Amino acid sequence: MSATFTAGPLSPAKSRPNEAIAKETPPPFPFSLLSKCTSLRQLQQLHALAIKSRLQHQPPLLAKLITSCPPSAMDYARHLFDQIPDPDVVLFNTLSRGYSRSDDPIQSVAVFARMLDAGVGPDDYSFPTLLKACASAKASEEGRQAHGAAVKLGFADNIYVLPTLISMYAECGELKVARALFARTDGRCVVSYNSMITACVRSSRPGEALALFRELQATGLEPTDVTMLSLLSSCALLGALELGKWIHEYVRKNGFGSFVKVNTALIDMYAKCGSLEDAIGVFDEMGSKDTQAWSAMIVAYAIHGHGGKAISLFEEMLKEGIKPDGITFLGVLYACSHSGKVEEGLGYFRGMRGRHGVIPGIKHYGCVVDLLARAGRLGEAYEFIDGLPMQPTPILWRTLLSACGGHGDVDLGKRAFERILELDDTHGGDYVIISNMCASDGRWEDVNRIRRLMSERGAVKVPGCSSIEVDNTVHEFFSGDGKHPQSEAAHRMADEVVERLRSVGYVPDTSRVFHVDMGEEEKEASLRYHSEKLAIAFGLINTPPGTTLRVVKNLRVCGDCHSMAKLVSMAFDREIVLRDLNRFHHFKDGSCSCGDFW
DNA sequence: CTAGGGTTAG
């Protein structure tokens, strides 16, 4: 390009008198490129241009360069910062903010301390930055110290600081402290409410989040788009479709309908509440869509078992010129593994780094393990985990273990189980899977040995819990318990359902019931009162014929409940939408959308 | 430059 403009001989600088160089105007600095800088290389090029433009000693430009530093290039940011003779509070904040977004957020605590040492006083933005860093590092001790410093310096009741304090404590798992801070605040503002509502969502207490929203409405404060985001997350957690629809309506009426983030949260809410059609509706109506919106829709298709649609949407996204990120790939890989597209999935995984510039992380490796193992390539999956460039988490071995369970490979399952125990022996579910595998194989000695081991190590099973929304209320059922007011009726109905299904060929599958010392009858009873069966029975009693039943379960659905639900959908002529720990099952006319592959 | 959407596995 530039060659066309430099016709004639290049004049070497040395042939000009020095004066001429001094008077020559330096080239203008391309300020607009600052915010587009994504790599260390680009940043260094910009720095070089700054030197050419003789702006390299201007603090504002250096601050902008530091701000533009990608999180992985904080060493360079530090190098730039160290060239500034007397950094002011803005520069300290800038550096601190950089660290808080990097892999090493706790460094921003050090920057803060250095600022105080240098005799520079903090401003309104210093504490929020510091507290955010503590939150993202989950460093509660540092967070408490920062809180102490804020109190001492008179920033604790600052409108910018207080909400960040609340969210910092919540992020560090100290919900009680967050609540106490929120409670003793007078003159609560909507941001504090948002902060507290989000804190509840993050700690998986969606019910409390909704209660706070009602309180917020009662105070007469105006909710914001951020409030909507947290409320929608609550609905997604609860699987509360009716409430979600109400919020959608509220969003429309109150002018939040054009916010990209709100629409993304709506897509996620509809998908996780079982209504793929509504999710598609929101997506299609959106004017501009960013990476996150596309990712949400890809994940939505994936968890509903439409792997092919998820992949074609991904290709469409690329054609539109939207750059995928790490989470987009999680969705794509997830879609591939849940629809048996092994080669496609491996292809996308291999293209991540080179073609798309996304560095695979542990979660992507987890997807690949799932991809291989689910498809029965168990040995390859084992080799893959063993050859990883990083220490595998127990989750990776757990993925392999459960796939071994599905494919009946007891020997490899035992090897995977051993590897899990080396890393984490407190997870009851692992013992249950391997013990069931041994039981199906008739290895009763192993079963007893594993059960003993489980109680020795103090590992506990998470109790199964299913909920169903009827008349805007979410009803919860635990396996075998009688806590729900209508539990008696639900148990009776469960009995009735089983009897009616026997005539259409249902045979209870007790082979995987964990308690080996139970008699056959006892086993049947324990199976019959699985939480999802109780929830379905409750739904059959309390909704008019033909209503779709929407059930949310906290664990994976068991094989027996899965085949029972298929039969219910036929014998009782009901659609059932069951949300698993990680995907949806749509039961209709005797079959399931997952194609029995989950 | 307060609060904040999409995140594998079990």
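What you see below is based on every heavy atom in this structure, not just the backbone, and it leaves out hydrogens, waters and symmetry mates. It should be emphasised that the depicted structure is a prediction, and the values quoted were computed from it without experimental measurement. Convention: sequence-line order gives letters A, B, ...; per-chain numbering from 1.
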Checklist entry - Can you tell me how far C1' of B:dG5 sits from CZ of A:Phe283, to the nearest Å? => result 14 Å
Checklist outcome for this item: The nucleotide from B:dT2, B:dG6, B:dA3 with an atom nearest the side chain of A:Tyr160 is B:dT2
Item to check | Under-3.5 Å donor-acceptor pair between A:Asp325 side chain and B:dG6 base | outcome: yes
Checklist outcome for this item: Against the side chain of A:His338, the closest entry in B:dT7, B:dG5, B:dA9 is B:dA9
Next on the checklist: Using the side-chain heavy atoms of A:Tyr334, tell me which of these nucleotides is nearest: B:dA9, B:dT2, B:dG5.
Outcome noted: B:dA9
Checklist entry - Counting side-chain heavy atoms from C-beta on, which of B:dG5, B:dT8, B:dT7 comes nearest to A:Arg202? => result B:dG5
Next on the checklist: Under 6.0 Å between ring centres: does that hold for A:Phe256 and A:Tyr250?
Outcome noted: no
Checklist entry - How long is the line joining CG of A:Leu396 and C1' of B:dA9, in whole Å? => result 8 Å
Next on the checklist: Please determine whether a side-chain nitrogen of the Lys or Arg among A:Lys261 and A:Asp225 lies less than 4.0 Å from a carboxylate oxygen of the Asp or Glu.
Outcome noted: no
Checklist entry - A:Thr129 side chain N/O closer than 4.0 Å to the phosphate oxygens (OP1, OP2) of B:dC1? => result no
Checklist entry - Between atom CG in A:Leu400 and atom C1' in B:dA9, what is the gap in whole Å? => result 11 Å
Next on the checklist: Tell me if the side-chain of A:Asp225 makes a donor-acceptor pair with the base of B:dG4, cut-off 3.5 Å, by modelled atom types.
Outcome noted: yes
Item to check | Under 5.5 Å and under 30°: A:Tyr125 stacked on B:dC1 | outcome: yes
Item to check | Integer-rounded Å distance: B:dT8 P and A:Tyr348 OH | outcome: 19 Å
Item to check | More than 12 heavy atoms from other groups under 6.0 Å of CD on A:Glu285 | outcome: no
Next on the checklist: Regarding A:Thr399, tell me which of base, sugar-phosphate or nothing describes its non-hydrogen contacts under 4.0 Å with the strands shown.
Outcome noted: sugar-phosphate
Checklist entry - Which of parallel (below 30°), tilted (30 to 60°) and perpendicular (above 60°) describes A:Phe127 and A:Phe155? => result tilted
Checklist entry - Can you tell me if the side-chain N/O atoms of A:Lys272 get under 4.0 Å from OP1 or OP2 in B:dT7? => result yes
Checklist entry - If you check every side-chain atom of A:Thr264, which of B:dT8, B:dG6, B:dA3 has the closest atom? => result B:dG6
Next on the checklist: Does either side chain, that of A:Arg419 or that of A:Tyr382, offer a donor lying less than 3.5 Å from an acceptor on the other one?
Outcome noted: yes
Checklist entry - Taking OP1 and OP2 of B:dA9, is either one under 4.0 Å from a side-chain nitrogen or oxygen of A:His364? => result no
Checklist entry - Within the pair A:Lys132 and B:dA3, is there a side-chain N or O less than 4.0 Å away from OP1 or OP2? => result yes
Item to check | Nearest-neighbour nucleotide for the A:Ile327 side chain, B:dA3, B:dG6, B:dA9 considered | outcome: B:dG6
Checklist entry - Around A:Glu315, counting heavy atoms of other residues, nucleotides and ligands shown, do more than 12 lie under 6.0 Å from its CD? => result yes
Checklist entry - Just checking A:Thr227: base, sugar-phosphate only, or nothing, at a heavy-atom cut-off of under 4.0 Å? => result nothing
Checklist outcome for this item: Rounded to whole Å, the CG-P distance (A:Asp425 to B:dG10) equals 20 Å
Checklist outcome for this item: From CG of A:Leu229 across to C1' of B:dG4 the rounded distance in Å is 5 Å
Checklist entry - Quick one: is B:dG10 close enough that its OP1 or OP2 comes under 4.0 Å of any side-chain N or O from A:Arg556? => result yes
Next on the checklist: Counting the atoms with a prime plus P, OP1 and OP2 as sugar-phosphate, which does A:Val369 contact under 4.0 Å by heavy atoms, base, sugar-phosphate, or nothing?
Outcome noted: nothing
Item to check | From B:dG10, B:dT7, B:dT2, nucleotide with atom closest to A:Val299 side chain | outcome: B:dT7
Checklist entry - Just how far, in rounded Å, is P of B:dC1 from CD1 of A:Ile66? => result 15 Å
Checklist outcome for this item: The nucleotide from B:dG6, B:dT8, B:dG10 with an atom nearest the side chain of A:Cys367 is B:dT8
Checklist entry - What does A:Asp290 touch in the nucleic acid at a heavy-atom separation under 4.0 angstrom: a base, only the sugar-phosphate, or nothing? => result base
Checklist entry - For B:dA9, does either OP1 or OP2 sit under 4.0 Å from a side-chain N or O belonging to A:Arg583? => result no
Checklist entry - So, do A:Phe314 and A:Phe329 have ring centers that fall under 6.0 Å from each other? => result yes
Checklist entry - If you look at every strand shown and take non-hydrogen atoms under 4.0 Å, does A:Asp268 touch a base, only sugar-phosphate, or nothing? => result sugar-phosphate
Checklist entry - Atom CH2 of A:Trp397 to atom P of B:dT8: distance rounded to whole Å? => result 21 Å
